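Some notes on the structure that comes next.
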Protein chains: 2
Amino acid sequence: MEATVECLVERGWSGTTTTEVAERAGVSRGAQLHHFRTRGELVAAAVEHVGAESVEVLKRRAEIAEKSTHAVVELIADFHASDLFTAALELWVAARTDPELREQVLELQARLGREVYGLALELLEVDDTEPGVKDAVQATLDLVRGLALANQLADDAKRRAHVVRYWARMLEEQL
Amino acid sequence: MEATVECLVERGWSGTTTTEVAERAGVSRGAQLHHFRTRGELVAAAVEHVGAESVEVLKRRAEIAEKSTHAVVELIADFHASDLFTAALELWVAARTDPELREQVLELQARLGREVYGLALELLEVDDTEPGVKDAVQATLDLVRGLALANQLADDAKRRAHVVRYWARMLEEQL
């Protein structure tokens, strides 16, 4: 799973073949085929698996971090501006023009979306049955995805830190 | 230029060959090669050209639209959740793992980024030498890019309208 994500980040969707991943991971093609019939299945499983692991890492980081809104938004923004997002972006873009992959990725998108939304509520210690909370958290997640996109071709960490600080101040007022 | 963007939207980067675009546009390969030596050059030029045209369309729409912050943010968000963004996303993702294309796209990103930022200032009728304006406009643009991303695999217009309404209210307070 990690070799797949690594391969997507380094070589993109077009360079991520099942053969290349099997070589990187040091597993036989037979063993690989036993688990994943297609490149789409392999890549979707890898993004989901590494995504779930990353959510756990994020939770542990949040436990030892400062409890401020700013610290939480920064954690979520940095989590998105990561290799995992880059790998997911390769998968999402490929899925747009591949009908079979698209169905698979839409399901994955819904599951990951719900998980990240729930995690954001938990870390911000807010309840989305309160008025305005759902909108504020959704907007925050759209923002961090936009920031992650801006980080694809060049390191945008400095500007991102600035926007995150600005956003966190507003979010705190709203929540 | 339009045939190139159309091709990127329908078939993605991998399906956008110079031959395919020449056929769609009804021009000879010779004439095409005279202007663009590589697929990268063709696609970057098309995104820039159609981008500049779209900015003009957006300006004209803004002239006849309501002058509220909400109407302006909605225009900018819908402008991003368009075929042009989809085509640009294909180019951006391809550029990440192609060093030559990357240099070209980084320049294009800087130019388009400045243009859209300037346009947002103009439409919102704000001055970024005033405190807080630059941050607010940058956050708005990151947000609309995140919203555009969420629109790639499924129609997200309804949720987007909701987030736009929420953000426009906050932005109005900030500006």
Side-chain angles (χ1 to χ4, degrees), chain A residues 8-16 77 80 85-86 88-98 101-103 105-110 113 132 134-154 156 159-160 162-167 169-171 173-174, chain B residues 8-16 77 80 85-86 88-98 101-110 113 132 134-150 152-154 156 159-160 162-167 169-171 173-174:
Chain A
L8 279 166
V9 171
E10 277 175 32
R11 314 216 22 205
W13 171 260
S14 65
T16 303
H80 278 81
F85 180 88
T86 298
L89 188 60
E90 290 282 348
L91 175 63
W92 261 238
V93 168
R96 202 182 57 77
T97 48
D98 179 328
L101 192 57
R102 190 172 162 277
E103 289 310 305
V105 172
L106 271 171
E107 275 176 43
L108 177 58
Q109 174 173 300
K134 194 179 159 196
D135 289 340
V137 173
Q138 282 207 11
T140 301
L141 294 177
D142 285 305
L143 175 81
V144 299
R145 281 190 286 257
L147 286 169
L149 198 55
N151 203 52
Q152 293 306 303
L153 294 187
D156 192 43
R159 195 189 68 88
R160 183 170 67 251
H162 205 81
V163 174
V164 161
R165 189 168 290 279
Y166 170 79
W167 187 271
R169 219 166 44 226
M170 287 208 301
L171 186 62
E173 281 170 33
Q174 297 295 318
Chain B
L8 279 166
V9 171
E10 277 176 32
R11 315 215 21 203
W13 171 259
S14 66
T16 303
H80 278 81
F85 180 88
T86 298
L89 187 60
E90 290 282 344
L91 175 62
W92 260 239
V93 167
R96 201 182 57 76
T97 47
D98 179 329
L101 192 58
R102 191 173 162 276
E103 288 310 307
Q104 227 171 331
V105 172
L106 272 171
E107 275 176 41
L108 176 57
Q109 173 173 301
K134 194 179 159 196
D135 289 340
V137 174
Q138 283 206 12
T140 301
L141 294 176
D142 285 305
L143 176 74
V144 298
R145 280 189 286 258
L147 286 169
L149 198 56
Q152 293 305 303
L153 293 189
D156 192 42
R159 194 189 69 88
R160 182 170 69 250
H162 205 81
V163 173
V164 161
R165 190 168 289 278
Y166 171 79
W167 174 246
R169 221 166 42 225
M170 288 219 290
L171 185 62
E173 281 171 31
Q174 297 295 316

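Computed from a predicted model, the values in this text were never measured in an experiment. Below, chains carry the letters A, B, ... as their sequence lines are ordered, and counting in each starts from 1.
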*Using atom types as modelled and distance alone, determine if a side-chain donor or acceptor of A:R96 lies under 3.5 Å from a backbone N or O of B:V9.*
yes

*Measure the spacing between CG of A:D142 and CG of B:L147 and express it to the nearest 0.5 Å.*
4.0 Å

_Any non-hydrogen side-chain atom of B:E90 less than 4.5 Å from a side-chain atom of A:V93?_
yes

*From B:L149 atom CG to A:F85 atom CZ, the distance as rounded to the nearest 0.5 Å*: 5.0 Å

*Atom group of B:L101 that falls short of 4.5 Å from chain A, counting heavy atoms*: neither

_Which atoms of A:R160 are under 4.5 Å from chain B, going by heavy atoms: the side chain, the backbone, both sets, or neither?_
neither

_Just so I know, are the side chains of A:M170 and B:W167 near enough to count as touching, which here means a heavy-atom distance under 4.5 Å?_
yes

_Side-chain donor or acceptor of B:R102 paired with backbone N/O of A:L153 under 3.5 Å_ = yes

*Options B:A154, B:G146, B:G15, ranked by heavy-atom pairs under 4.5 Å with chain A, top entry*: B:G146

*Against chain B, work out which of A:R145, A:Q138, A:Q109 has the most heavy-atom pairs shorter than 4.5 Å and name it.*
A:Q138

_Closest contact, heavy atoms only, A:T97 versus B:E10_ = CG2-O, 3.5 Å

_Selection from B:T86, B:T140, B:L143, B:V105 maximising heavy-atom pairs under 4.5 Å formed with chain A_ = B:L143

*For chain B, find which of A:A136, A:A150, A:A94 contributes the most heavy-atom pairs closer than 4.5 angstrom.*
A:A136

*Name the member of A:L106, A:D98, A:V144 that forms the most heavy-atom pairs with chain B at distances under 4.5 Å.*
A:L106

*Could you tell me which portion of A:V163 (side chain, backbone, both or neither) has an atom closer than 4.5 angstrom to a non-hydrogen atom of chain B?*
side chain

*Any idea which of A:H162, A:E173, A:R165 has the most non-hydrogen atom pairs under 4.5 angstrom with chain B?*
A:H162

